[in-house]
Engineer: 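This is the structure I want to talk about, given as structure tokens.
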There are 2 protein chains.
Amino acid sequence: MQIGELARSTGVKIETIRYYEREQLLPVPQRTDGNYRLYSPRDVEQLRFICYCRSLDMSLEEVRLLIEARDAPAGSCLTVNALLDEKIAEVDARVNELHKLQDQLRQLRGLCQQPDEVKTCGILMELNRSAEIDKAQI
Amino acid sequence: MQIGELARSTGVKIETIRYYEREQLLPVPQRTDGNYRLYSPRDVEQLRFICYCRSLDMSLEEVRLLIEARDAPAGSCLTVNALLDEKIAEVDARVNELHKLQDQLRQLRGLCQQPDEVKTCGILMELNRSAEIDKAQI
DNA sequence: GAAAAGCCTGAAGTGGCTTCAGGGTCAAGG
DNA sequence: CCTTGACCCTGAAGCCACTTCAGGCTTTTC
């Protein structure tokens with residue numbers, strides 16, 4: 001299977017596949033006489049594994065760790081648990097941040113319902129005012 | 001006011017201040033005889049404005065737009081409204097994504113309560129299985 | 001007069017790719 | 001046999017928002 005077919009069958013761009021190879025997330029593939037990469041079904045699985053981990057917001061470094069853990073024949077999965085716990089905490093924290101951000105943005109947006117002149121725009125006035133307040137706080 | 005004091009009074013790193021200058025978000029400051037940057041209270045405000053926008057998850061490009069709008073003496077604030085609406089939509093979408101992610105991560109984490117051997121770890125089994133399923137779907 | 005604190009510049013590194021320039025390979029059609 | 005087009009190759013640079021680094025100048029303090 002050449003790189004184009006692998007790309008089509010996984011939805012991963014060719015350039016990204018080559019990038020993963022450079023980053024050693026995918027093994028160095030065989031080559032044809034014409035120097036084209038040749039992939040095995042094993043490689044397809046590995047790439048899907050990477051994709052799934054990425055869809056769970058793992059960094060490539062974390063994916064590397066998971067691959068390592070998976071391939072360790074009798075290692076403990078403590079690392080895997082720790083990694084997931086950390087990731088869950090990260091996502092929770094980010095969600096909280098974004099909720100606050102939603103409130104702030106909606107409140108700000110409410111300050112200018114009608115398109116008006118900049119100098120009387122509630123949003124810009126508030127942006128300037130908030131900068132002032134930040135100053136007072138420090 | 002030298003760059004160090006500006007940094008201390010805003011909580012922005014010196015390097016970041018210089019970066020904002022290169023990116024033309026801050027005006028080119030005056031210099032002392034010894035070639036040190038000299039900032040005015042106006043510059044402090046501008047930097048705070050940038051910080052506040054960044055805290056609302058605006059990109060530097062968006063901050064640039066806001067500064068432009070703010071400084072246009074009689075422009076309309078339609079741009080500002082549009083920018084905020086877009087940002088709100090972005091944040092909402094991201095929050096939805098992260099909620100789904102939270103579910104997935106927690107479910108995955110539930111598969112391995114006790115640290116065990118990798119080969120029987122529910123998490124790794126599930127990660128491999130999910131990769132398989134993705135394959136079937138395409 | 002020497003050390004320490006503060007400042008300067010330009011370049012490179014971060015992550016996770018994407019894009020680009022400039023090629024080589026291979027099958028099908030004329 | 002030659003050309004066209006699809007496919008593939010490499011290495012380098014670009015993206016964002018910074019951060020870090022190397023190497024050197026200025027100012028203050030003892």
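Letters A, B, ... mirror the listed sequences (proteins, then strands); counts begin at 1. On a predicted model such as this, the values are computed, not experimentally measured, just so you know.
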Engineer: Of all the nucleotides listed (D/dC18, C/dC8, C/dC17), which has the minimum atom distance to the side chain of B/Arg37?
Structural biologist: C/dC8
Engineer: Whole-Å distance between C/dC7 P and B/Gln30 CD?
Structural biologist: 16 Å
Engineer: Quick one: B/Glu62 CD to D/dA17 C1', roughly how many Å, whole number?
Structural biologist: 13 Å
Engineer: Using atom CD of B/Glu21 as one end and atom C1' of C/dC7 as the other, report the distance to the nearest whole Å.
Structural biologist: 13 Å
Engineer: Thinking salt bridges, do B/Glu90 and B/Lys87 make one under a 4.0 Å N-O criterion?
Structural biologist: yes
Engineer: Tell me whether the side-chain N/O atoms of B/Arg31 come closer than 4.0 Å to OP1 or OP2 in C/dT9.
Structural biologist: yes
Engineer: Test for a donor-acceptor pair under 3.5 Å between the base of D/dC7 and the side chain of A/Tyr36, counting only N and O atoms.
Structural biologist: yes
Engineer: Counting only heavy atoms not in B/Gln30, do more than 12 fall under 6.0 Å of its CD?
Structural biologist: no
Engineer: Is it true that A/Glu5 and A/Arg8 make a salt bridge, defined as a side-chain N closer than 4.0 Å to a carboxylate O?
Structural biologist: no
Engineer: Using a 4.0 Å heavy-atom cut-off across all strands, classify B/Glu23 as base, sugar-phosphate, or nothing.
Structural biologist: nothing
Engineer: Counting side-chain heavy atoms from C-beta on, which of C/dG16, D/dT19, D/dC8 comes nearest to A/Arg54?
Structural biologist: C/dG16
Engineer: Start at the 5' end of DNA chain C and walk down; is the nucleotide closest to A/Leu60 or to A/Arg18 reached first?
Structural biologist: A/Leu60
Engineer: Please give, in whole Å, the distance from C/dG6 C1' to B/Leu38 CG?
Structural biologist: 13 Å
Engineer: If I take atom CD1 in residue B/Ile17 and atom P in nucleotide D/dT20, what distance separates them, rounded to the nearest angstrom?
Structural biologist: 15 Å
Engineer: Nearest heavy atom decides the nucleotide; on that basis, is B/Thr32 or B/Tyr20 closer to the 5' end of DNA chain D?
Structural biologist: B/Tyr20
Engineer: Is it true that A/Arg18 and A/Glu21 make a salt bridge, defined as a side-chain N closer than 4.0 Å to a carboxylate O?
Structural biologist: no
Engineer: Between A/Gln2 and D/dC7, is there a side-chain N or O to OP1/OP2 distance below 4.0 Å?
Structural biologist: no
Engineer: Rounded to whole Å, please give me the gap between CD1 in A/Ile14 and P in D/dA6.
Structural biologist: 14 Å
Engineer: Counting only side-chain heavy atoms from C-beta out, which of C/dC17, D/dA17, D/dC8 sits nearest to A/Tyr19?
Structural biologist: C/dC17
Engineer: Considering just the side-chain nitrogens and oxygens of B/Ser59, establish if one lies under 4.0 Å of OP1 or OP2 belonging to D/dC16.
Structural biologist: no
Engineer: About how many Å separate CG of B/Asp71 and CG of B/Leu66, when rounded to the nearest 0.5 Å?
Structural biologist: 10.5 Å
Engineer: Tell me: CZ of B/Arg22 to P of C/dA11, nearest whole Å?
Structural biologist: 11 Å
Engineer: Which sits closer to the 5' end of DNA chain C, A/Lys13 or A/Asn35, going by the nucleotide each is nearest to?
Structural biologist: A/Lys13
Engineer: Measure the distance from CD on A/Glu15 to P on D/dT10 and round it to the nearest whole Å.
Structural biologist: 12 Å
Engineer: With nearest nucleotide decided by heavy atoms, which residue, B/Gly34 or B/Glu61, maps closer to the 5′ end of DNA chain D?
Structural biologist: B/Glu61
